[in-house]
Amino acid sequence: MAGTGTDDLIIELLLARGMVTQQQVNQARDMASVDGSPLLDAIEQMKFVSEEDVLLILGAEYGMDIFDFTDYQIPPEVIAAVPTEIARRYQLIPVMKREGTLTVAMSDPTDLDALDAVRYILKCDIEGVVASRRQIQHALGYYYGDVEESVESFLEDMTEGTLDISEVATTDVTTDTAADEDDDAPIIRLVSLLILEAFRTRASDIHLEPLEKRFRVRYRIDGVLHEIPDSPPKYLQNNIISRLKLMADMDLSEHRIPQDGRIRIPALGRELDLRVSDIPTTHGESIVMRILDKSSVMLGISELGFFQDDQATIMRIISLPDGIFLVTGPTGSGKTTSLYSFLHTLNQPTRKIITAEDPVEYELSGINQVQINPEIKFTFASALRSMLRQAPNIIMVGEIRDVETGEIAINAALTGHLVFSTLHTNDAPSAITRLMDMGIKPFLVASAVRAIMAQRLVRRICKKCPVPTKPTAEELDFLGLTEDYFAEAKLMRGAGCSECSKGYKGRMGIYEIFILDDSIQGLIYQKADAGVIRVRARELGMRTLREDGLRKAANAITTLEEVIRLTVGDEEEVADVAQTIE
């Protein structure tokens with residue numbers, strides 16, 4: 001009846017008190033080896049000792065009273081003193097509270113760490129009493145709710161009006177023990193449904209966040225987080241997190257440091273690939289799963305959201321024989337998708353393409369992809385240096401993070417290679433000063449960089465429920481425009497339907513394409529700041545992110561609200577631009 005960690009101690013106490021003989025212990029051991037039960041359970045099943053005998057020994061050994069739940073009703077205020085997740089985590093039940101001391105019943109009195117932890121968490125004096133494991137489990141279900149029943153109830157609520165849970169394949173194909181798992185187990189089915197529902201709603205990320213009094217699940221859909229209507233109850237938090245850590249091949253016993261893993265599960269006739277990040281927080285472990293959908297990065301350039309003139313410009317840039325083409329923007333702005341699209345377009349049997357990535361999220365057929373590993377000092381710089389010995393035509397470096405990587409990339413561009421890479425800057429011209437701030441010499445930047453593209457992702461108007469709209473006074477004031485600017489525009493918004501998320505479905509890019517010419521190179525030699533370079537780029541015809549967004553809003557592709565949300569840092573006066581809305 002006690003935990004397996006105390007079984008040996010209890011058996012020693014039984015032998016010392018003459019309550020069992022060594023022969024009886026050996027007989028029980030033979031029985032336990034046959035049916036796989038714990039030795040102490042086998043001794044009790046063979047009637048050598050009773051459960052009450054064991055409780056008396058434990059109580060006497062550790063100076064604890066014996067508690068019997070029979071005919072005893074615990075007051076609600078006492079149950080409320082210990083949160084559900086604490087009671088379940090430490091397998092104990094509060095039974096009474098007197099003069100500031102809380103008495104808790106437990107089946108394993110050797111677990112002094114549990115008493116210390118509860119004492120620290122609840123900030124009160126704790127006194128332990130011993131009860132049978134069977135009674136503890138029954139009381140947990142009675143006073144705190146049965147886990148299995150709760151999961152089944154949650155599953156019924158969640159699947160109402162959505163996909164049938166039977167469509168989910170719950171086998172974890174990344175582990176050898178998957179075949180032995182019970183696919184009907186409620187927690188397994190619950191976790192599988194959370195993943196499948198995220199995929200069904202086109203979510204890119206699943207966020208499982210332990211808060212103080214609840215366990216929140218949110219999906220990132222078209223770049224915006226949405227909390228699911230009925231998140232799982234708080235006391236299922238540890239069960240769900242443990243299941244996901246098992247699927248991601250993480251260390252289940254480690255709760256103090258961040259961990260990363262990967263999950264691959266078959267569902268709906270295809271294999272879902274998820275990158276999993278686990279990090280300890282104040283109220284438990286937080287998990288974020290990125291759904292890696294290969295189809296989302298195998299887009300043609302025409303599917304990225306370019307107008308025809310910008311698409312023609314991009315095709316000219318990526319057709320250059322050498323030089324550096326940089327894509328800039330914050331995390332989550334679609335830089336990887338754009339780069340993969342360019343490589344997909346250029347991927348021909350006559351070209352050798354090598355990439356250095358951290359991590360390699362998507363495997364591209366016909367392209368040599370290299371995984372960076374800083375732990376063994378295999379950095380972007382060292383990978384790039386080795387890649388050049390492979391005689392490639394085209395190189396992609398995941399990110400230029402330091403002067404060493406930047407100088408090697410520039411040398412590669414100057415020796416006849418076409419190099420793609422990314423930087424984290426707010427706009428395209430700022431990438432020039434960012435490279436020089438790293439320590440790269442201006443003449444190298446001017447000689448090697450051919451073009452820079454900044455981008456953001458805006459949500460598309462749902463094609464099933466578009467309705468005409470007009471700019472609000474607040475939008476016009478924020479943009480610094482008048483209604484006349486949109487006189488010929490076809491402004492629309494999504495009314496909201498069963499096919500979309502609040503009037504939006506899918507995302508597309510807005511772009512700022514900056515091509516360096518002789519005059520820009522001259523400014524770089526002079527170490528001009530980003531503002532001066534930006535002014536000259538605008539004079540040469542560079543369209544800003546906001547201007548590109550306004551073109552797309554005017555053509556009923558996105559909304560002014562989205563353009564403002566994603567270009568809030570763009571301080572250009574769009575009203576002065578002599579740009580005819582197409």
Side-chain angles (χ1 to χ4, degrees), residues 223 297 299 301 304-307 309-318 320 323-342 396-401 406 409 419-438 440 445-446 448-459 479 507-517 520 523-524 528-553 557-558 562-574 577 579:
V297 296
L299 301 175
I301 292 178
L304 294 178
F306 292 108
F307 281 113
D309 54 349
D310 286 341
Q311 184 176 329
T313 300
I314 290 296
M315 289 303 298
R316 287 197 303 272
I317 294 170
I318 68 173
L320 293 171
I324 294 180
F325 182 20
L326 294 173
V327 179
T328 76
T331 301
S333 60
K335 299 188 297 295
T336 299
T337 300
S338 294
L339 287 174
Y340 277 9
S341 177
F342 301 156
M396 187 192 88
V397 184
E399 182 183 350
I400 295 178
R401 297 176 178 174
V419 180
F420 295 97
S421 191
T422 70
L423 278 176
H424 289 283
T425 62
N426 289 329
D427 60 13
S430 296
I432 296 295
T433 52
R434 174 79 180 103
L435 290 173
M436 291 191 291
D437 289 342
M438 284 183 186
I440 301 174
V445 176
V449 178
R450 298 285 183 266
I452 303 167
M453 181 179 78
Q455 68 176 73
R456 302 289 189 276
L457 292 177
V458 295
R459 291 181 289 177
L479 293 169
R507 289 190 291 175
M508 66 178 300
I510 55 174
Y511 303 98
E512 181 175 280
I513 304 172
F514 173 36
I515 299 177
L516 281 70
D517 72 347
I520 297 292
L523 292 174
I524 297 173
D529 62 34
V532 174
I533 295 175
R534 184 174 180 81
V535 169
R536 179 56 185 157
R538 300 283 284 108
E539 291 173 351
L540 294 172
M542 184 189 78
R543 188 180 296 112
T544 68
L545 287 166
R546 178 169 291 176
E547 290 165 6
D548 192 44
L550 289 175
R551 277 211 304 173
K552 285 162 183 173
I557 300 173
T558 188
E562 275 294 283
V563 174
I564 291 172
R565 181 175 71 88
L566 270 300
T567 62
V568 68
D570 188 348
E571 299 178 356
E572 290 292 324
E573 289 296 330
V574 183
V577 180
Q579 174 68 43

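- For the pair Thr567 and Val458, the minimum side-chain heavy-atom distance is 4.5 Å or more.
- Lys552 has its side chain out of reach of Val563: every pair of non-hydrogen atoms, C-beta onward, lies at least 4.5 Å apart.
- Here the CD1-CD1 distance, from Ile317 to Ile515, works out to 4.5 Å after rounding to the nearest 0.5 Å.
- Between Ile564 atom CD1 and Leu479 atom CG the span is 4.0 Å, to the nearest 0.5 Å.
- In this structure, the side chains of Glu399 and Lys335 stay at 4.5 Å or more apart for every pair of heavy atoms.
- A salt bridge links Arg551 to Asp548: at least one charged side-chain nitrogen sits closer than 4.0 Å to a carboxylate oxygen.
- The line from CD of Gln311 to OH of Tyr511 is 10.5 Å long, rounded to the nearest 0.5 Å.
- Annotation: Asn426, atom CG; neighbour count of heavy atoms from other residues, nucleotides and ligands within 6.0 Å does not exceed 12.
- Every side-chain hydrogen bond (donor to acceptor under 3.5 Å, both in side chains) that Arg459 has, sequence neighbours left out, goes to Glu562.
- With sequence neighbours excluded, no residue satisfies side-chain hydrogen bond (donor to acceptor under 3.5 Å, both in side chains) with Arg507.
- A search for ring pair (Phe, Tyr, Trp, His ring centres under 6.0 Å) contacts involving Phe514 returns nothing, not counting sequence neighbours.
- In this structure, Arg534 and Thr544 have side chains that are in contact, with non-hydrogen atoms separated by less than 4.5 Å.
- Once rounded to the nearest 0.5 Å, the distance linking CZ of Arg401 with CE of Met438 reads 10.5 Å.
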